[in-house]
Amino acid sequence: MTTTTNNPKSIIVIFGATGDLANRKLFPSIYRLYRNGKLSENFAVVGVARRPLTNEEFRNNVMKSVEQFQEDDIDHESFASHFYYNPFDATDLEHYQKLNSFLLELDDQYQTEGNRIFYLAMAPNFFGTIASNLKSEGLTSTNGWTRLVIEKPFGNNFETAKALNDQIREAFDEDQIYRIDHYLGKEMVQNIEVIRFANALFEPLWNNQYISNIQITSSEVLGVEDRGRYYESSGALRDMFQNHMLQMLALLAMEPPIKLTPDEIRSEKVKALRALRPVNEDEVDDYFVRGQYDRGIINDEEQIAYRESNAVDENSNTETFVAGKLLIDNFRWAGVPFYIRTGKRMEKKSTEIVIQFKDLPMNLYYDQGENIYPNLLVIHIQPYEGITLHLNAKKGDYGTTSTPIMLNYDNTQKDKMNTPEAYEVLLHDCMRGDSTNFTHWDEVALSWKFVDIISNHWESKAAKQFPNYESGSNGPKDSDALLEKDGYQWWSVLPDNNE
Ligand SMILES: NC(=O)C1=CN([C@@H]2O[C@H](COP(=O)(O)OP(=O)(O)OC[C@H]3O[C@@H](n4cnc5c(N)ncnc54)[C@H](OP(=O)(O)O)[C@@H]3O)[C@@H](O)[C@H]2O)C=CC1
Ligand SMILES: O=C1O[C@H](COP(=O)(O)O)[C@@H](O)[C@H](O)[C@H]1O
């Protein structure tokens, strides 16, 4: 159900309100919605978690997490007065009944018409239980709408994801379920469709006749930090590749939807994911490279190896880097490799998509005796947000030499202070009932099925040489070799002053 108003009345219940995600991402996002006039005065936020906090203590936490916006002309206390705390154990049914009575009171107080968002910002093993309990204890039966927002990871493989989905679907319909993939809330990820479908220049070239390969990179400088326990059961393949990276691939590869509705877009993304050529177990090593970071130096500081991190096994076989070559078996993409890589503790924080166009049939111009550069379209997702187009132009007096040039659109300069944070965008979408930028079960299922073959193979066969890349590098050498054997290289190009 799409809500007609842009600032609908509702109560947001945050499960795990004392946790990291709530404090670092959710409270600031709700604040920005409030500041930007995207919340009506008829809203309340109820935080639930086990530790015994008073409303006042909770509001102080909320104010601390929005301290960064001190300069705004907004009364932080008035903002925080919309927040309430309810001590709560997710495994205790009585607590759900008490919570329900409290929500009914708030409904009256804030005139929220029974509209409720349940945001599960808790460990994934609680997702199914909370969904079932919300239903059995009557919290989903209101005279308004109810929506469930689920954080990642959604399962650990296809089987566990399906079991979780089945359990949640007993309590909520698919159109009430908002599975978060925060990359889909990023401004430049949302721009992929616009660049493709609003430009006569690109749309006709977006296929195997003109594109030689597509590269999607998401590198992080951060290591596993204090998330070792979670990461040991996940690794880069499940943590980043199965969700964020495959979602970006689907947006790049899908056919134009007939309308910009959630169902039409989802249906095209699903078709693209269905066309992904599955990798057989005996081909995994030809198409995928795994890596694990060693010690190294970043910004003059020594970094510890992954295996030395808290809660990580000293002989861990978990990958912190993955690179893969994916093929899409349909008319548009036959023969075009999509190269994807993501890793932690790499040289720089950067997410970018490079579309490399095919070379001309012959060269009339040379760049210092070398063949001219291929044309590239780069969609810079973060931290630099923009689009660059890499062309060749005349150099020197006689017009036989060319030089690479770059046209640059800087998306951050236009409205520097207002680039919406991913969670802010997604929360607002959920309030409006727009599920376009959330992942549907069909997409989750297909992504897991693709990834399971690779993870099963890696789990059955320890990596030959882990760790295999230094902190602060660009990942293992085999990742470069993956492209070199096809005659390509990873591109990493940023406008000046954005390195
Ligand atoms: N942190 C991040 O940056 C990101 C997190 N996520 C996902 O978000 C979710 C939350 O992560 P994060 O905030 O880091 O986790 P935290 O461990 O920081 O927070 C967990 C929260 O759950 C509460 N909790 C634990 N057990 C219970 C219980 N039995 N009943 C009620 N509340 C309980 C804790 O509070 P108390 O101890 O008081 O009960 C705490 O508020 C996870 O699914 C994670 O994968 C996804 C992307 C990024
Ligand atoms: O989902 C996750 O994403 C972050 C990276 O997100 P970004 O917005 O900073 O690019 C990653 O660090 C984390 O391991 C993963 O769970």
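Order of appearance sets the numbers: ligands from 1, and atoms from 1 within every ligand. For reference, positions follow the sequence shown, starting with 1.
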Checklist line | Neighbouring protein residues of ligand 2 - any heavy atom closer than 4.0 Å | finding: Lys152, His182, Tyr183, Lys186, Glu220, Arg227, Asp239, Met240, His244, Lys344, Lys349, Gln382
Margin query: When you measure from the centre of the six-membered ring of Trp145, is the NZ or CZ of Arg116 closer than 6.0 Å and no more than 45° off the axis?
Written below: no
Margin query: Using salt bridge (Lys or Arg N to Asp or Glu O under 4.0 Å), reason through Arg179 and Glu174 one step at a time and then give a plain yes or no.
Written below: CA-CA 10 Å; Arg179 297 177 194 81; Glu174 178 65 32; 2.8 Å; yes
Item checked: Salt-bridge criterion met for Arg307 and Glu314 (N-O under 4.0 Å) -> no
Item checked: Selection residues 84-105 - residue pairs positive for ring pair (Phe, Tyr, Trp, His ring centres under 6.0 Å), sequence neighbours left out -> Phe15-Phe88, Phe58-Tyr85, Tyr84-Phe102, Phe88-Tyr96
Notebook entry, point to check: For residues 445-463, which residue pairs qualify under salt bridge (charged side-chain N to carboxylate O under 4.0 Å, His left out), counting only residues two or more places apart or in two chains?
Noted result: Arg238-Glu459, Asp285-Lys461
Margin query: Strictly under 4.0 angstrom, heavy-atom based: which residues surround ligand 1?
Written below: Gly16, Ala17, Thr18, Gly19, Asp20, Leu21, Arg24, Ala49, Arg50, Arg51, Phe88, Asp89, Ala90, Ala121, Met122, Pro124, Phe126, Phe127, Glu151, Lys152, Pro153, Tyr423
Next item on the list: Answer yes or no: is there an ion pair linking Lys152 with Asp239, defined by an N-O contact shorter than 4.0 Å?
Entry: yes
Next item on the list: State, without any angle test, whether Lys348 and Ser492 hold a side-chain donor-acceptor pair at a distance under 3.5 Å.
Entry: yes
Note to self: Under a 4.0 Å threshold between the charged nitrogen and the carboxylate oxygen, would Lys477 count as salt-bridged to Asp480?
What the structure shows: no
Margin query: Check this for me: does any side-chain nitrogen of one of Glu308 and Arg295 sit under 4.0 Å from a carboxylate oxygen of the other?
Written below: yes
